[in-house]
J.: 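One structure, as structure tokens, below. Some questions next.
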Protein chains: 2
Amino acid sequence: MDTNGILDTLSRCPLFAGLDPEGRLRLTSQARQKRYAAGEVIARQDFPAPGVFIVQVGQVRVVRLAPGNKEHVLHLCGPGQTVAEVAVLGEFAMPATIQAIEETTCVLLPAGPLMRALREDHALCLQLLGGMSRWVHHLVDLMEDIVLRDAVERVARYLLAETGQDKPTLNFAGTKQHIASHLNLTGETLSRVLRRLDDAGLITRINQHEVRVRHREMLGGVANGHFPRI
Amino acid sequence: MDTNGILDTLSRCPLFAGLDPEGRLRLTSQARQKRYAAGEVIARQDFPAPGVFIVQVGQVRVVRLAPGNKEHVLHLCGPGQTVAEVAVLGEFAMPATIQAIEETTCVLLPAGPLMRALREDHALCLQLLGGMSRWVHHLVDLMEDIVLRDAVERVARYLLAETGQDKPTLNFAGTKQHIASHLNLTGETLSRVLRRLDDAGLITRINQHEVRVRHREMLGGVANGHFPRI
DNA sequence: TAGCCAGATTGATCCACGTCAAAGTGCCGT
DNA sequence: ACGGCACTTTGACGTGGATCAATCTGGCTA
């Protein structure tokens, strides 16, 4: 087992980075590395969480499933991010399914040892508390987006959040459907919105998987409800 | 200052009930009791959180405000429930406004002392971690409701959640607008939905403020997408 | 290189819910 | 008992985004 790799992953992960090396080492000894194919389900909604997963390589989606083939992508996670903390720490069934959307490797910190570590390690406890607050904050923001903003605003905000003026190009991880679902849109609507933004000259669709942001500040205006007259 | 009352409130509050009496006492010594008129703002979005509030008497709403006079009620809290934990523990600005919707008294645990206590008291830390997970869980559920279910289903679920077969009658706290906003509906739509459910015989609208659930299991069916043919 | 297939795009149509407007209801103070 | 006022209910109408149904695109296999 690649103990060094695991240790390394832990120190790169915001949730565990603040820990003292000794505590990290203790956790590492219990951890396992897991590999998943694209599309594979990592942990299933309504089942107990096997532990906390830290994404090492690849991309993972957290998706809530509901009757009638409905689904909603709560979160898209890349390397360094953690999933399933909530279910583990709250000791309830997974509120959502975790699925790899490309070939992915994760570190799994099994629930039992983690909870035991938690009972002893105060620093770890504080770290996780912070991480959890950030989760709530993120969810509230997501909620605001979905409830209070229309499609164009949501897409504009997403584009701004995922790019910077140093890195104006965004290439979509996985399918656009996943992104659309994350923004609570259909693929069709996302497509149409991107077209409108392109027509307005705010972005350029380079190809199916890449978009370049042209005017950040104007896009910011759109995100706040001022779509330029056509 | 009513120290006994505060201690009592803490032991009744799920978040602090598990604490040993000594720890509770320490917290109590720093706590203050506050009284608010109906409609008064307790803590404002985007400002630092003064501390954690525990509702003693009355009713409080947690509401997210957005440009364009838009708002969304994230949570309605009664006695024993806590608000603002997230902002305090995550050490960021309040993601939402807290407002009394009737005459209300709260216990305020100021942020500084609470964080200091947190650094020393491991049990407290674990308690809060659990509470936070429950918050996330609640938000994810709320999200599912809003994103994946239609108006009738949401109202049906709300009615079921707020009543029991021993207590089939629900009387609305505050205005119906607040409830409607919580379910991401307008007052008008809520009104229409209640009427339809009444017409179908599933509930009875006793008066403007009270509803009686007649057929729990049928309402459960409605909540899962089977509205009876008219 | 042709052919295939998943996903993306575009257009046409639909519908749940919001918005606006007009009663209706019930509570309060005088 | 009478207004007045805030909230609710109901109706008429508009619309954003979903749905359905063709193409279109681009990567992969043979």
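Proteins come first, then strands; the chains are lettered A, B, ... in the order of their sequence lines, and each starts at number 1.
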J.: Return yes if the base of D/dG11 and the side-chain atoms of B/R192 contain a donor-acceptor N/O pair under 3.5 Å, otherwise no.
T.: yes
J.: Hey, are B/R35 and B/E103 close enough for a salt bridge, meaning a charged N less than 4.0 Å from a carboxylate O?
T.: yes
J.: Please state how far atom NZ in A/K176 lies from atom P in D/dG26, giving the value in whole angstrom units.
T.: 12 Å
J.: Do any side-chain nitrogens or oxygens of A/T186 fall under 4.0 Å of OP1 or OP2 in D/dA18?
T.: yes
J.: Looking at C/dT10, does its base get a donor-acceptor pair with the side chain of A/R196 below 3.5 Å?
T.: no
J.: Rounded to the Å, how far apart are A/L194 CG and D/dT25 C1'?
T.: 16 Å
J.: Between A/H178, A/R61, A/Q45, which is the residue that forms a side-chain hydrogen bond (donor to acceptor under 3.5 Å, both in side chains) with A/E71?
T.: A/R61
J.: Check the distance between D/dT8's C1' and B/D198's CG and give it to me in whole angstrom.
T.: 14 Å
J.: Is a side-chain donor or acceptor of A/T104 paired with a backbone partner of A/E102 at a separation under 3.5 angstrom?
T.: yes
J.: Output the rounded distance in Å from CD1 (A/I179) to C1' (C/dA8).
T.: 14 Å
J.: Would you say B/R205 reaches D/dT10's phosphate, i.e. side-chain N/O to OP1/OP2 under 4.0 Å?
T.: yes
J.: Could you state the atom-to-atom distance from CZ of A/R149 to C1' of C/dG18 in whole Å?
T.: 19 Å
J.: If you take atom types as modelled and just measure distance, does the side chain of A/Q208 reach the base of D/dC24 with a donor-acceptor pair under 3.5 Å?
T.: no
J.: Answer with base, sugar-phosphate or nothing: what part of the nucleic acid does B/D150 contact at a heavy-atom distance below 4.0 Å?
T.: sugar-phosphate
J.: Could B/D145 and B/R154 be called an ion pair, given the rule that one side-chain N must be under 4.0 Å from one carboxylate O?
T.: no
J.: Would you tell me if any nitrogen or oxygen in the side chain of A/S191 comes within less than 4.0 Å of OP1 or OP2 on C/dA8?
T.: no
J.: Using whole Å, report how far CG of A/N184 lies from P of D/dT19.
T.: 11 Å
J.: Starting at CD of B/E188 and ending at C1' of C/dA23, how long is that distance when rounded to a whole Å?
T.: 14 Å
J.: On DNA chain D, compare the nucleotides closest to A/N207 and A/K70; which residue's is nearer the 5' end?
T.: A/K70
J.: D/dG16 P sits how many Å from A/L183 CG, rounded?
T.: 19 Å
J.: Taking the nucleotide of DNA chain D with the nearest heavy atom to each, does A/V152 or B/G187 sit closer to the 5' end?
T.: B/G187
J.: For the residue pair B/H182 and B/H75, categorise the inter-ring angle as parallel (less than 30°), tilted (30 to 60°) or perpendicular (more than 60°).
T.: perpendicular
